[in-house]
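First the structure, in the form of structure tokens, and then the observations on it.
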Amino acid sequence: MTTASICTIGDEILIGQIVDTNSSNISKALGSTGVKVTRMLSIGDDRNEIIDNLTSELRANDIVIVTGGLGPTKDDITKAALAELSGSSGYVEHQGQLEIVHRILKARGLDMLDINRAQASVPDRCEVIINRMGTAPVMVFRFGEEKFGHAATLYSLPGVPFEAIGAVGDIIEDIRKHYSLTDIHHKTVMTFGVAESALSKMIENWEDGLPSDMHLAYLPNALTGVRLRLSIYGGDKADEESRIDCEISKLKEILGDIIYSECDDTLQNRIGTLLRKSGKTVSAAESCTGGMISELMTSIPGSSEYYLGSVTSYSNSVKENVLGVPKEIIDVYGAVSSECVAKMAEGVKRITGSDFSIATSGIAGPGGGSEEKPTGLVWIGVCTPTRTKTFSFLFKGDRKRNIERFASSALNILRKEIESYINS
């Protein structure tokens, strides 16, 4: 199987100044092509470190993809390091990329400077894939067996994300021309409501019975739940898909409605799909989640078809005067209570005219908790066209993580109630 390593270059990544999104996007593209990514590595702006690390990665992999360090300023040293690594004796100017540099500068109303022109200069032992979205070209270095013990290819991309991702298609095309690729098949199942450790116990026997060439990965996330990914490397694609689908069918029998999707999905997208198909609508009343439910729901394109709106009722006065929660309920039971969230959900459903509604009230922390109502406690109310139900959860985390868990738990309850109503 063809293997690859993805390396990012730049101190700004190592010190946390920017987030590396290039590696994950490139990895997805390689995986769908049949290239197995074995490693992701971040390297600082040090010439020796760049050369030493890339040498190691080229020895271990068929392909190395590098992003970053190709700008026009003196701190961008990747090109010089690659020239040394490849044994280049000098630089040549690539006319195709130079024309792109001219065009970009002209469009911006800028004059051509020496440092701009230098962007089109490349080591004489590399091939060039023109970067039509920026000034630095994609450089391709091909190495014979004598250098690393096997034939290897290094692709050097700009670090700017839209330029790096824009070049991936050309790189994939080049890889297909030079490597015999086998299929990699992944299937993702999204679960929610069971922690990773508990989930692993639930499916332990199923997991132990998986074929030896089928690999399972657990990928937990506070907002989307635990993603289960089954993978097979190599083999016939149709056969791979059939075998994985067979195992997924067994898994569904074990987990039931803990599974909310059989693709890489989110709770809010699943809810949107259900509402679109049924022609129903939803609204939200949020206290402790502070608008996060609304943010998640409206992150889906076209959500205005089914998401009518929300009331962020952070204060008790808004709960009473806008949502219509009786003052005596808050006086007797408190804002963080089953009684309060039930009235909140009913109130926003009445105000917006939605078919479904969801409400949250809790204690995100770090302060505000008590022995009776500790930090991390949340009450969730949900209204359907036929009933109102409430649920409570207690989480242990910091404020941000608690709010994420409050919101995602509310969405999961909403999802299950919509499914129950539709299927009744």
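This chain uses plain numbering: 1 for the first residue, then up along the sequence.
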All pairs passing salt bridge (Lys or Arg N to Asp or Glu O under 4.0 Å) where residues 350-370 contributes a residue, at least two apart
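Applying salt bridge (Lys or Arg N to Asp or Glu O under 4.0 Å) to every pair that reaches into residues 350-370, excluding sequence neighbours, yields nothing.
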Just wondering, do Tyr155 and Val66 contact through their side chains at under 4.5 Å, heavy atoms?
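Of all side-chain heavy-atom pairs linking Tyr155 with Val66, none is under 4.5 Å.
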For Asn53, check side-chain hydrogen bond (donor to acceptor under 3.5 Å, both in side chains) against everything at least two apart and list the hits.
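side-chain hydrogen bond (donor to acceptor under 3.5 Å, both in side chains) check on Asn53 returns Glu49.
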Those residues that, when tested against Asn25, pass side-chain hydrogen bond (donor to acceptor under 3.5 Å, both in side chains) (two or more places apart)
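Asn25 satisfies side-chain hydrogen bond (donor to acceptor under 3.5 Å, both in side chains) with no residue once adjacent residues are dropped.
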How far does [atom1] of [X] sit from [atom2] of [Y], to the nearest 0.5 angstrom?
X	Y	atom1	atom2	result
Leu110	Asn116	CG	CG	7.5 Å
Gln268	Ile300	CD	CD1	5.0 Å
Lys396	Arg405	NZ	CZ	11.0 Å
His215	Arg229	NE2	CZ	10.5 Å
Ile175	Asp170	CD1	CG	11.0 Å

Could you tell me how the ring of Phe406 sits relative to the ring of Phe395: parallel (under 30°), tilted (30 to 60°) or perpendicular (over 60°)?
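The arrangement is tilted - the two ring planes meet at 30° to 60°.
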Report, one line per pair, each donor and acceptor closer than 3.5 Å where one atom sits in a side chain of residues 334-346; sequence neighbours left out.
{"unit_1": "Ser337", "atom_1": "OG", "unit_2": "Gly334", "atom_2": "O", "d": "2.8"}
{"unit_1": "Ser337", "atom_1": "OG", "unit_2": "Cys340", "atom_2": "N", "d": "3.1"}
{"unit_1": "Ser338", "atom_1": "OG", "unit_2": "Thr390", "atom_2": "OG1", "d": "2.7"}
{"unit_1": "Glu346", "atom_1": "OE2", "unit_2": "Thr388", "atom_2": "OG1", "d": "3.0"}

Shortest non-hydrogen contact between Asp20 and Asn22, atoms and distance:
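Closest approach of Asp20 to Asn22, heavy atoms only: OD1-N, 3.2 Å.
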Are Asp62 and Thr2 linked by a side-chain donor-acceptor pair shorter than 3.5 Å?
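No - no donor-acceptor pair under 3.5 Å links their side chains.
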For a side chain to side chain donor-acceptor pair (under 3.5 Å) check, start with the C-alpha distance between Ser283 and Lys349, then their side-chain angles and the critical distance, and finish with the verdict.
CA-CA 6 Å; Ser283 59; Lys349 183 172 179 287; over 6 Å; no
Would you sort out whether Asn131 and Glu163 count as a side chain to side chain donor-acceptor pair (under 3.5 Å), showing the intermediate values?
CA-CA 7 Å; Asn131 173 15; Glu163 293 184 36; 2.8 Å; yes
When Glu127 is tested against each of Thr153, Val140, Val138 for side-chain contact (heavy atoms from CB on, under 4.5 Å), which residue passes?
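Result: among Thr153, Val140, Val138, Val140 is the only option passing the side-chain contact (heavy atoms from CB on, under 4.5 Å) with Glu127.
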Considering only residues two or more places apart or on different chains, which pairs with a residue in residues 309-364 satisfy ring-ring contact (aromatic ring centres under 6.0 Å, His included)?
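For residues 309-364, and leaving out neighbouring residues, the ring-ring contact (aromatic ring centres under 6.0 Å, His included) pairs sorted by first residue read Phe356-Tyr421.
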side-chain hydrogen bond (donor to acceptor under 3.5 Å, both in side chains) pairs, two or more places apart, involving residues 356-375
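The answer is Thr289-Thr360.
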